Asks: 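Take this structure first; my questions come after.
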Amino acid sequence: MTTRILVVEDDQNTRQLVKRYLEQAGFEVAEAAHGRAALEMMSLFSPALVVLDVILPDLDGRDLCRQISRRL
């Protein structure tokens with residue numbers, strides 16, 4: 001089973017670059033461009049790790065991290 005990683009980054013170029021590197025390393029990667037999408041992906045994708053940008057347009061990365069922690 002491949003380890004799943006969720007990349008949350010609002011900058012598309014950065015998000016794609018991180019995703020590409022992780023996939024080349026053998027991980028299964030999902031992506032989200034903002035906090036609300038990340039919360040949806042958490043339940044759909046069930047990642048083992050979240051790579052999270054702190055400054056997001058709709059939800060502060062720290063708040064998002066707290067919400068993710070509460071759901072575990």
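Bear in mind that the values here come from a model prediction, so they are computed numbers and not experimental data.
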Asks: Within this structure, what is the CD1-CG distance for the pair I68 and L52, rounded to the nearest 0.5 Å?
Replies: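 Rounded to the nearest 0.5 Å, the CD1-CG separation comes out at 6.0 Å.
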Asks: Looking only at heavy atoms, what is the nearest atom pair of T2 and G26, with distance?
Replies: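 Reported closest heavy-atom pair: CG2-O, 3.0 Å.
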Asks: Going by the rule side chain to side chain donor-acceptor pair (under 3.5 Å), which residues pair with E23 if we only count those two or more places apart in sequence or in a different chain?
Replies: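 None.
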Asks: Could you give all pairs that pass the side-chain hydrogen bond (donor to acceptor under 3.5 Å, both in side chains) test and reach residues 61-72, with sequence neighbours left out?
Replies: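 Residue pairs with at least one partner in residues 61-72: D63-R66.
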Asks: Looking at residues at least two apart in the chain, or sitting in another chain, which of them share a side chain to side chain donor-acceptor pair (under 3.5 Å) with D10?
Replies: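 None.
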Asks: If you group Ile, Leu, Val, Met, Phe, Trp and Tyr whenever their side-chain heavy atoms sit less than 4.5 Å apart, what else falls in with L17?
Replies: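 Members other than L17 - counting any ILVMFWY side chain reachable under 4.5 Å - are Y21.
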Asks: Roughly how far, to the nearest 0.5 Å, is the CG atom of D60 from the CG atom of D53?
Replies: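 Spacing of CG (D53) from CG (D60) equals 9.5 Å.
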Asks: Applying side chain to side chain donor-acceptor pair (under 3.5 Å), name anything that partners T3, two or more places apart in sequence or on another chain.
Replies: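 Once residues adjacent in sequence are excluded, T3 has no partner under the side chain to side chain donor-acceptor pair (under 3.5 Å) criterion.
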Asks: Identify each donor-acceptor pair in which a side-chain atom of residues 34-51 lies under 3.5 Å from a protein atom, sequence neighbours left out, and give them as a table.
Replies:
from : atom 1 : to  : atom 2 : distance (Å)
H34  : ND1    : A37 : N      : 3.3
H34  : ND1    : D58 : OD2    : 3.3
S43  : OG     : E40 : O      : 3.0

Asks: Look at the side-chain heavy atoms of Ile, Leu, Val, Met, Phe, Trp and Tyr, link any pair under 4.5 Å apart, and say whether V29 and L6 land in one connected group.
Replies: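 No, V29 and L6 fall in different hydrophobic clusters.
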Asks: Between CD of Q12 and OG1 of T14, what distance do you get to the nearest 0.5 Å?
Replies: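 Nearest 0.5 Å value for the CD-OG1 distance: 10.0 Å.
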Asks: Ignoring hydrogens, what is the shortest heavy-atom contact between R15 and A33? Give both atom names and the distance.
Replies: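 For R15 and A33, the tightest heavy-atom pair comes out as NH1-CB, 3.4 Å.
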Asks: Can you see whether E9 engages Q16 through a side-chain donor-acceptor pair at a distance of less than 3.5 angstrom?
Replies: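 No.
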